[in-house]
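Here's the structure, in structure tokens; my notes come after.
Bear in mind that the values here come from a model prediction, so they are computed numbers and not experimental data.
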Amino acid sequence: IDSDKSVELDVPVVMLTGSFTVNGHPAEGPFPLRFEDEDDGFLQVQPRPDGSLAPDGHPILPGQYSVFYRAEFGRTSPWSQPPNRTTLLAEVDLRSEGSVELDLPVDAPRGEVTGGDADPDVPIELWFSELDGPDFFSLDQPPGEGLEEILVSPGTYLVRYQQPELSETVPMAENYELGCYEIEAPVCEPTCCVPAPERVLSQEAPCQYDLPGAPVLADQLEVWVDGDAIARDETDGWEYRDETQSSIEIHGPTCDAIASDDLEVKAAVEC
């Protein structure tokens with residue numbers, strides 16, 4: 001380039017907007033999304049609690065993208081996000097405009113993990129690998145407990161058993177194939193709700209209770225005090241303590257009754 005010549009460069013930009021839902025509901029908790037283009041470039045996006053991707057738009061280069069949901073490692077439950085590591089949500093064309101509507105279908109598997117005289121206090125490690133796609137996840141599953149206490153993305157998975165250490169109750173193994181497991185996509189009219197099992201809540205402060213995790217479908221949370229359902233009400237009922245929806249506070253006369261009689265508080269996601 002000659003020193004007396006000026007160069008004008010322009011970076012094209014499309015503003016990414018739209019929504020993300022789980023079974024048609026706004027998604028609570030962290031749901032990291034990854035937009036990958038054809039040249040291995042990518043953009044990480046964290047949807048907001050109201051389901052929007054970015055209220056004022058997020059700048060992204062024009063192109064065609066594969067959109068993946070990518071959870072962090074670790075066991076999850078209906079109280080938190082699915083453990084799937086590479087769930088393909090959609091192929092989107094953002095060459096001219098950036099509005100997208102994304103939904104992550106989830107459902108609870110059925111059945112339980114058994115094996116010999118397995119110690120119920122020692123989880124069994126299971127790896128689920130999608131047969132016709134890149135998705136996978138792992139679970140540390142307590143023997144004898146139902147798989148319905150997790151949420152996962154539908155698909156057909158090859159399930160492998162792992163036990164790297166010596167045990168008196170289960171055999172050592174690495175990548176031992178247990179077979180294929182199909183998790184069907186939920187049929188929703190108009191949206192799906194996946195129940196979370198009833199849990200006794202631990203009181204962290206007077207009338208304040210931590211949830212096991214922010215419920216995926218927080219609008220379906222039900223709360224009971226001493227066996228009686230209470231309403232979501234800031235004056236005489238329960239309400240989330242903040243926008244993370246990871247804890248609740250009980251107000252009014254119901255709180256007074258809890259304090260005086262040491263009543264048990266439970267919560268569940270009911271459909």
Side-chain angles (χ1 to χ4, degrees), residues 20-31 46-52 71-72 74-83 104 106-110 112 120-121 123 139-152 186 188-271:
F20 171 74
T21 55
V22 176
N23 284 356
H25 294 263
E28 306 297 340
F31 280 84
Q46 176 62 62
R48 294 167 60 88
D50 63 2
S52 63
E72 299 298 328
R75 178 176 172 80
T76 62
S77 76
W79 298 96
S80 55
Q81 72 270 30
L104 172 64
V106 295
D107 203 354
R110 305 292 182 263
E112 66 180 19
D121 296 326
L139 297 175
D140 290 333
Q141 179 68 23
E145 287 194 8
L147 288 171
E148 63 270 11
E149 291 202 11
I150 64 169
L151 293 177
V152 298
C188 308
E189 286 294 340
T191 56
C192 285
C193 171
V194 178
E198 185 178 288
R199 298 285 178 87
V200 176
L201 302 184
S202 299
Q203 186 170 217
E204 301 302 317
C207 296
Q208 295 179 1
Y209 298 85
D210 282 345
L211 298 174
V216 171
L217 304 179
D219 56 337
Q220 305 287 348
L221 186 68
E222 300 288 344
V223 179
W224 296 267
V225 174
D226 197 31
D228 295 325
I230 62 173
R232 185 175 179 179
D233 188 328
E234 292 183 348
T235 58
D236 184 20
W238 69 272
E239 184 54 84
Y240 292 109
R241 296 184 61 208
D242 55 42
E243 65 179 11
T244 67
Q245 299 188 331
S246 60
S247 63
I248 63 172
E249 182 169 358
I250 297 175
H251 303 271
T254 305
C255 175
D256 297 336
I258 292 172
S260 62
D261 298 328
D262 192 25
L263 303 179
E264 185 178 65
V265 177
K266 295 182 178 181
V269 175
E270 292 209 328
C271 301

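Taking CD of Q203 as the start and CG of L263 as the end, the distance is 10.0 Å to the nearest 0.5 Å. Taking CH2 of W238 as the start and OG of S247 as the end, the distance is 11.0 Å to the nearest 0.5 Å.
Residue P82 comes nearest to V152 through the heavy atom pair CB-CA, 4.2 Å, listed as atom of the first residue, atom of the second, then distance.
Side-chain contact between V265 and I230 is absent, with no heavy atoms from C-beta onward closer than 4.5 Å. Side-chain atoms of V225 and I258, non-hydrogen and from C-beta on, do get closer than 4.5 Å to each other. Residues T21 and F31 fail the side-chain proximity criterion, which asks for heavy atoms closer than 4.5 Å. Between Y209 and E249, the closest side-chain pair of non-hydrogen atoms is not below 4.5 Å. Using a 4.5 Å heavy-atom cutoff, the side chains of H251 and T235 are not in contact.
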Practice problem: Run the numbers on L221 and I248 for side chain to side chain contact (heavy atoms under 4.5 Å, CB included), then give the verdict. | Solution: CA-CA 11 Å; L221 186 68; I248 63 172; 4.3 Å; yes
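Sorted by first and then second residue, the salt bridge (Lys or Arg N to Asp or Glu O under 4.0 Å) pairs involving residues 255-267 (not counting sequence neighbours) are E198-K266, E264-K266. Under the side chain to side chain donor-acceptor pair (under 3.5 Å) criterion, no residue pair touches residues 221-230, with sequence neighbours excluded.
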